[in-house]
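This report concerns only the one structure given below.
These numbers come from the heavy atoms of this one structure, side chains and all, not from hydrogens, waters or symmetry mates. We're numbering straight along the sequence, starting at 1. In this text the structure is predicted, and so the values were computed from the model without any measurement.
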Amino acid sequence: MSPLNKYPILRKILFFFPAQLVLVHIQRNFLIMFFWAFLVALVKGWWGIGLGIRFLFLEPEYLGTSGFWAFFIVGLTLGGFISAFNLSSYLINSRRFPFLATLRRPFYKYCINNAILPIGFLVLYVRELYFFKNNAENLGQSETFLPSVLGLMAGFCIFIFVLLGYFFAVNNDLKRIFGIDPEELPGLKVRRKHRITRVRTFRLPKQIVTETPQRRGPNPWRTYTYMHNPFQVRSARNVDHYPKELLNKVFNRNHFNALMFQLITVLIIFVFAYFREVPEFQLPASAAILLVLTLFMMAAGAFQYIFGRWNLVVVLLLFILLDTSVRYRWITFQNYAYGLDYDRDPLTYNVDSLAYFARNNPYHDEDIDLHENILENRRAYLEAKYGMEKPALVFVNVSGGGTKMSLWAYEVLSHLDSVTNGAFFDHVHMISGSSGGMIGAAYYRELYREQKNGLLASTRLDTLAKNMSSDMLNRIAANIALNDLFIRTGHFTYNGRRYGKDRGWAFEYQLNKNTHGVFNKELTAYAGPEFSAEIPLLILSPTVVEDGRRMMISAQPISFLSEKSMPDNISWHPKMEDLEFMRLFHNHNGSKLSMLTALRMNATFPLVLPPVTLPTEPRISLFDSGVRDNYGDLVTVKYLYHLREWLNANCSEVVFLEINDEIRSDHDRYKNKKSVIGLMDGFMAPFDGVISNVTAVQIYNNETATWLLSGYFGGKITHIEMDLSNFEKDDISISFHLTEGEKNRVSNSITLPWNVQSTQRAIEIFGQ
């Protein structure tokens with residue numbers, strides 16, 4: 001005798017409906033399980049921890065604050081995601097379990113039995129939230145944990161109640177359709193007044209009895225017990241004696257109701273998309289992620305329900321069609337540089353045209369003379385204020401790293417300027433670097449200018465640092481979820497030209513809002529203040545995606561940085577590496593480029609922000625400058641080489657201030673290396689090693705270039721390094737969103753031992 005027949009209790013456990021649903025998801029519903037696995041990976045930090053995605057779920061922001069209402073909205077969208085899971089699962093799997101059609105409120109019963117994954121995730125989420133609020137943030141449970149959980153569960157429960165209320169209203173079962181009471185089927189034992197009675201024998205209505213019985217094949221998903229309600233288990237009824245048409249009619253009507261609810265959910269999402277610029281409709285970034293997953297979950301369920309086993313083939317064909325449409329520009333998802341004129345004939349971009357710019361530069365001497373005049377203005381200003389005929393000049397190089405580096409660059413410049421009584425930034429001649437660090441440095445430059453003009457009392461105000469660390473990711477994520485992934489809507493006008501709104505526009509809008517409009521001007525608005533040495537030069541260098549070249553962007557003419565003319569004794573024709581943006585796009589109004597766009601092009605983080613398309617043929621686009629030089633050293637070294645004659649005659653010392661997101665010493669870098677690796681680690685080591693050491697390779701190259709600098713500059717060269725991280729286990733995320741704990745860690749990094757030593761060196765050189 002089979003053990004299952006010998007021990008009925010074992011059969012009831014093994015063929016328990018909730019367990020069967022988990023198994024069918026694992027075996028048949030790969031996409032559904034993928035979305036759950038992906039969500040768990042985000043919350044646990046197994047994926048995207050460096051981008052700070054985990055913290056978007058643990059500390060969401062709504063209207064600039066994290067608390068009950070932020071978690072309430074996340075709870076609503078989590079309820080939507082779990083509802084999409086139940087709806088999709090019901091569409092796909094309900095026919096595998098025909099006994100459902102004989103139950104009252106079959107979808108409600110299905111949700112109860114399908115609750116293992118949702119309940120497991122909720123427990124995991126609350127657990128992670130508890131440890132985050134009490135350990136990582138060092139905040140009391142009564143202050144933050146309970147309101148957060150209450151908000152999360154309130155939002156979740158409200159959405160679930162709305163879902164169940166809808167299905168109670170449109171419920172279809174045997175009683176509603178055929179007048180058959182599912183609780184009065186033959187053989188069902190019912191407990192009444194402490195007595196067990198057998199209900200009357202039941203006969204099917206004549207209109208649904210088929211002339212010949214239908215034989216059913218063996219059902220691989222046998223079910224013996226199920227959850228009748230959250231507190232009661234019942235035996236599943238054998239339905240072999242029911243005609244297939246009867247059961248299918250129940251399922252079809254409930255499937256139609258499920259599809260209608262999904263359609264309503266999609267319409268609600270489109271309402272949010274339409275009003276996404278209204279502050280109250282701007283969802284927390286984690287809620288936007290859940291909306292995207294909800295849409296994908298519903299799409300996966302609908303595709304599998306409609307196309308059956310062919311659903312993956314259909315999805316693949318649709319992907320190929322979309323890729324072909326984008327490739328041949330039937331559909332375009334381009335992002336534009338705001339201020340450029342795209343209506344004129346595109347610039348020819350090929351090897352010959354670039355070679356012409358490289359070898360026929362009539363502006364070299366003119367631009368060198370211009371920058372020598374700027375240096376002379378800087379020298380004259382320093383001599384008049386500090387009495388130094390041959391002053392030290394500072395070149396600031398900042399690394400990328402999202403909002404943490406924006407805040408860190410601002411904190412470092414503000415701190416060094418404070419401890420030297422304003423002398424440090426007076427000596428800064430040029431700023432270069434990548435990504436978020438350049439945004440922070442550019443912001444401090446703006447405030448420095450306002451302070452010099454009497455518009456700002458101090459650059460050390462806490463509100464200014466708060467501006468630089470304010471969230472930008474929520475608006476970006478909302479645009480990704482509600483606009484960029486689907487139907488793109490909305491336009492705006494800049495300098496008389498019309499552009500579409502996407503996540504690139506959302507980034508600039510939020511940055512402009514956070515900084516109170518200080519960047520809302522054309523790039524050339526800085527030409528005069530830079531020339532007069534009122535503010536330092538600022539050079540941006542985003543990367544051309546198609547060929548890896550760098551696009552040098554500055555308010556000043558800098559043709560010499562894009563030149564590679566060789567001495568007569570060298571027979572060599574080098575490739576064009578660096579391109580001068582302003583002259584290259586002179587006919588496309590390059591001088592009208594928005595400063596906000598220039599900063600964004602230099603900080604185009606993968607996937608988060610779109611590459612910026614330029615008016616060329618063939619088309620090229622710009623990406624984050626960190627791809628080529630994350631630290632900005634190469635720009636500085638090339639600039640010093642071309643201005644070496646003036647520097648040797650008029651400068652006593654060159655100071656490199658390097659503002660980094662991590663310690664650059666080999667000793668500290670090796671602290672974080674694995675000493676023991678597994679089989680897969682060993683197999684992937686060559687690939688992982690190359691990828692993980694991209695920035696290390698850049699450091700080696702930059703240090704070599706700096707070492708060669710001593711060959712043409714006779715003065716003193718000093719390095720001052722301000723490093724944010726010391727490779728702690730819980731690194732600060734590279735994101736456009738920081739938690740309060742991360743903000744505090746960034747600000748407090750000024751007091752780290754190596755930064756205290758660097759501060760002392762700055763005081764020794766510039767202290768007044």
Side-chain angles (χ1 to χ4, degrees), residues 35-85 118 121-133 136-137 144-145 147-156 158-159 265 268-269 272-273 276 279-297 402-403 470-485 503 506 510 605 607-608 733-742:
F35 295 133
W36 275 114
F38 181 69
L39 189 57
V40 169
L42 293 181
V43 173
K44 287 291 293 182
W46 295 335
W47 188 87
I49 183 63
L51 303 178
I53 297 179
R54 176 173 182 259
F55 300 132
L56 300 179
F57 288 88
L58 302 180
E59 194 180 64
E61 286 190 14
Y62 177 64
L63 298 179
T65 60
S66 178
F68 177 88
W69 290 110
F71 278 96
F72 177 81
I73 295 173
V74 174
L76 282 175
T77 53
L78 180 59
F81 175 77
I82 291 175
S83 299
F85 163 66
F121 177 77
L122 282 172
V123 171
L124 171 69
Y125 193 177
V126 172
R127 177 182 179 276
E128 293 298 315
L129 186 61
Y130 174 82
F131 285 110
F132 174 76
K133 292 296 184 182
E137 293 288 311
T144 58
F145 176 70
S148 300
V149 172
L150 289 176
L152 178 71
M153 298 310 298
F156 170 77
I158 286 176
F159 196 97
T265 303
I268 292 174
I269 291 175
F272 274 95
R276 66 185 182 277
E280 289 74 16
F281 280 79
Q282 292 170 14
L283 303 176
S286 52
I289 293 173
L290 285 168
L291 277 183
V292 174
L293 293 178
T294 298
L295 288 172
F296 286 163
M297 178 79 79
T403 298
S470 296
D471 172 77
M472 290 194 293
L473 189 56
N474 280 302
R475 184 178 288 273
I476 296 172
N479 270 270
I480 294 174
L482 303 175
N483 185 65
D484 289 19
L485 289 178
R503 63 190 188 276
Q510 193 63 48
F605 201 83
L607 300 180
V608 179
S733 55
I734 305 174
S735 172
F736 288 121
H737 174 92
L738 293 178
T739 67
E740 290 302 317
E742 288 178 321

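Residue Trp36 holds its CH2 atom at 6.5 Å from CE of Met297, rounded to the nearest 0.5 Å. Going from atom OG of Ser286 over to atom CG of Asn474 covers 7.5 Å, rounded to the nearest 0.5 Å. Atom CG of residue Leu295 and atom CG of residue Leu290 lie 11.0 Å apart, to the nearest 0.5 angstrom. Interatomic distance, Arg503 CZ to Met472 CE, rounded to the nearest 0.5 Å: 14.5 Å. Expressed to the nearest 0.5 Å, how far CZ of Phe35 lies from CZ of Phe81 amounts to 8.0 Å. Rounding to the nearest 0.5 Å gives a distance of 9.0 Å between CG of Leu39 and CG of Leu124.
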Checking side-chain contact (heavy atoms from CB on, under 4.5 Å) for the pair Ile289/Phe57: CA distance, chi angles, key distance, verdict? CA-CA 10 Å; Ile289 293 173; Phe57 288 88; 4.1 Å; yes
Evaluate the ring-ring contact (aromatic ring centres under 6.0 Å, His included) criterion for residues Phe132 and Phe55: first the C-alpha distance (whole Å), next the side-chain angles of each, then the deciding distance (0.1 Å), finally the verdict. CA-CA 9 Å; Phe132 174 76; Phe55 300 132; 5.8 Å; yes
Which atom pairs, donor and acceptor, lie under 3.5 Å between side-chain atoms of residues 64-79 and protein residues at least two apart or in another chain?
from  : atom 1 : to    : atom 2 : distance (Å)
Thr65 : OG1    : Tyr62 : O      : 3.3
Ser66 : OG     : Pro60 : O      : 2.8
Thr77 : OG1    : Ile73 : O      : 3.2
Thr77 : OG1    : Val74 : O      : 2.9

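Partners of Ala41 by side chain to side chain contact (heavy atoms under 4.5 Å, CB included), not counting sequence neighbours, listed by chain and number: Trp46, Trp47.
Put simply, the side chain of Phe159 does not reach to within 4.5 Å of the side chain of Ile82, judged on heavy atoms. By the 4.5 Å heavy-atom criterion applied to side chains, Gln510 and Ile476 are not counted as neighbours. Within the 4.5 Å cutoff, side-chain heavy atoms of Val608 are placed close to those of Leu473. When side chains are defined from C-beta on, Thr739 does not count as touching Leu58, because their heavy atoms never get closer than 4.5 Å.
In terms of heavy atoms, Glu61 sits closest to His737 at OE2-CE1, 3.5 Å. Taking each heavy atom of Leu738 and Glu59 in turn, the nearest pair found is O-OE1, 4.3 Å.
Checking side-chain atoms of Arg54 against main-chain N and O of Val43 turns up a donor-acceptor pair under 3.5 Å.
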